Amino acid sequence: IEADKGHYVNDVVLNTGVILSALLQLYTSWVIADSIIGIVIALYLGWTGFNIGRKASDMLMDKEIEDDKRQLILDIVSAHNQVFGIHDLRTRRAGMSIIMSFDVELDPKLTLHDAHEITRELEYTLLDHFPNAEIMIHMDPQGDTYDTRHRVQGVHH
C-alpha cells in the first residue's frame, strides 16, 4: 500500500513538474527550468524508491521496532505492581502488526490462575498502546530466569 501511495504521489509530482516547466518556458525565457525541474524530480523519485525499499527490507529482515516503542513496552510491564522484572524482550514487525515476546518475573507462590491474570492484564494494557500486536508472555518465578532458550550468548537481556 505504501509503495502504491508513493507511486501515485510520484505521478502527481512528475506531472506538476512538467506543467510548471512548460509554464516557466512559456512565460519566461528561462530554458534551463526544464532541466532543473527534471533533476529535482529524479532526485525525489530516487529518494522515494530508496525509502520504500528500506522499509520493505526492514520488514523482511524482522528488524526490531523503534527504541521508543520498546521502551514503552518495558515501562508498561515494569509499572505493574506484581511484576518483579522483565527480560528477553524481542520485537519485530509483520506487516501492520508488531510481534512482541518477553519474560516476566512473578512471585513464585502465585497460583497459575493468578499468574495468568497478571499476564492477561499486561496483555490488555499493551494492546491499548499497540492494537495490532501479537503478544507472547513467558512467566518465570522471581529470581529464577534460567531457561534453555538462554543457551545462546547475548540472548538473555
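These figures come from a predicted structure and were not determined experimentally. Hydrogens, waters and symmetry mates play no part in the numbers below; they use all other heavy atoms, side chains included.
In the model, Asp88 has no side-chain atom that pairs as donor or acceptor with a side-chain atom of His138 under 3.5 Å. A side-chain N or O of Gln71 and one of Asp75 form a donor-acceptor pair less than 3.5 Å apart.
Note that the NZ atom of Lys109 and the CG atom of Asp114 stand 14.0 Å from one another [nearest 0.5 Å]. Between Leu74 atom CG and Asp67 atom CG the span is 10.0 Å, to the nearest 0.5 Å. Between the CD atom in Gln142 and the CG atom in Leu106 there is a gap of 9.0 Å [rounded to 0.5 Å]. One finds the CZ atom of Arg90 at 14.0 Å from the CD1 atom of Ile65 (value rounded to the nearest 0.5 Å). Note: Ile32 CD1 to Ile37 CD1 = 11.0 Å, rounded to the nearest 0.5 Å. Annotation: the span from Ile19 atom CD1 to Leu14 atom CG amounts to 10.0 Å, rounded to 0.5 Å.
With hydrogens and angles disregarded, a donor-acceptor distance shorter than 3.5 Å links the side chain of Thr48 to the backbone of Tyr44. Checking side-chain atoms of Glu105 against main-chain N and O of Gly143 turns up a donor-acceptor pair under 3.5 Å.
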* Apply the test side chain to side chain contact (heavy atoms under 4.5 Å, CB included) to residues Met139 and Leu110: give CA-CA distance (whole Å), side-chain angles for both, the deciding distance (0.1 Å), then the verdict. => CA-CA 11 Å; Met139 298 172 275; Leu110 287 173; over 6 Å; no
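Scanning both residues, Thr91 and Leu89, for their nearest heavy atoms gives CG2-CD1, 3.9 Å. Between Phe84 and Asp107 the shortest heavy-atom distance is CE1-N, 3.5 Å. Between Thr125 and His129, the shortest heavy-atom distance links the atoms O-CD2, 3.2 Å. Between Leu126 and Met100 the shortest heavy-atom distance is CD1-SD, 3.9 Å. Contact between Ile86 and Phe102 at its shortest, heavy atoms only, is CD1-CD1, 3.7 Å. Closest non-hydrogen pair, Ser21 versus Ala33, comes out as OG-C, 4.2 Å.
Placement of Ile99 and Leu127 in two distinct hydrophobic clusters is found when ILVMFWY residues are connected by side-chain heavy-atom separations under 4.5 Å, directly or transitively. A continuous path of ILVMFWY side-chain contacts below 4.5 Å connects Tyr124 to Leu122, so both sit in one hydrophobic cluster. Ile41 and Val9 fall within the same hydrophobic cluster, where Ile, Leu, Val, Met, Phe, Trp and Tyr residues are linked whenever their side-chain heavy atoms come under 4.5 Å apart, directly or through other members.
Partner of Ile118 under the side-chain contact (heavy atoms from CB on, under 4.5 Å) criterion, out of Asn81, Val83, Val104: Val83 alone.
Annotation: side chain of Ile76 is not in contact with side chain of Asp128 (no heavy-atom distance under 4.5 Å). At a threshold of 4.5 Å between non-hydrogen side-chain atoms, the residues Val77 and Ile137 do not count as touching. In this structure the side chain of Phe130 never reaches within 4.5 angstrom of the side chain of Ile135, judged on heavy atoms.
A salt bridge does not link Glu123 with Arg120: every distance from a Lys NZ or Arg NE/NH1/NH2 to an Asp or Glu carboxylate oxygen is 4.0 Å or more. Ion pairing between a basic and an acidic side chain is recognised when a charged N comes within 4.0 Å of a carboxylate O; Glu66 and Arg93 show such pairing.
Applying the 6.0 Å contact sphere to CG of Leu26 captures more than 12 heavy atoms from other residues, nucleotides or ligands.
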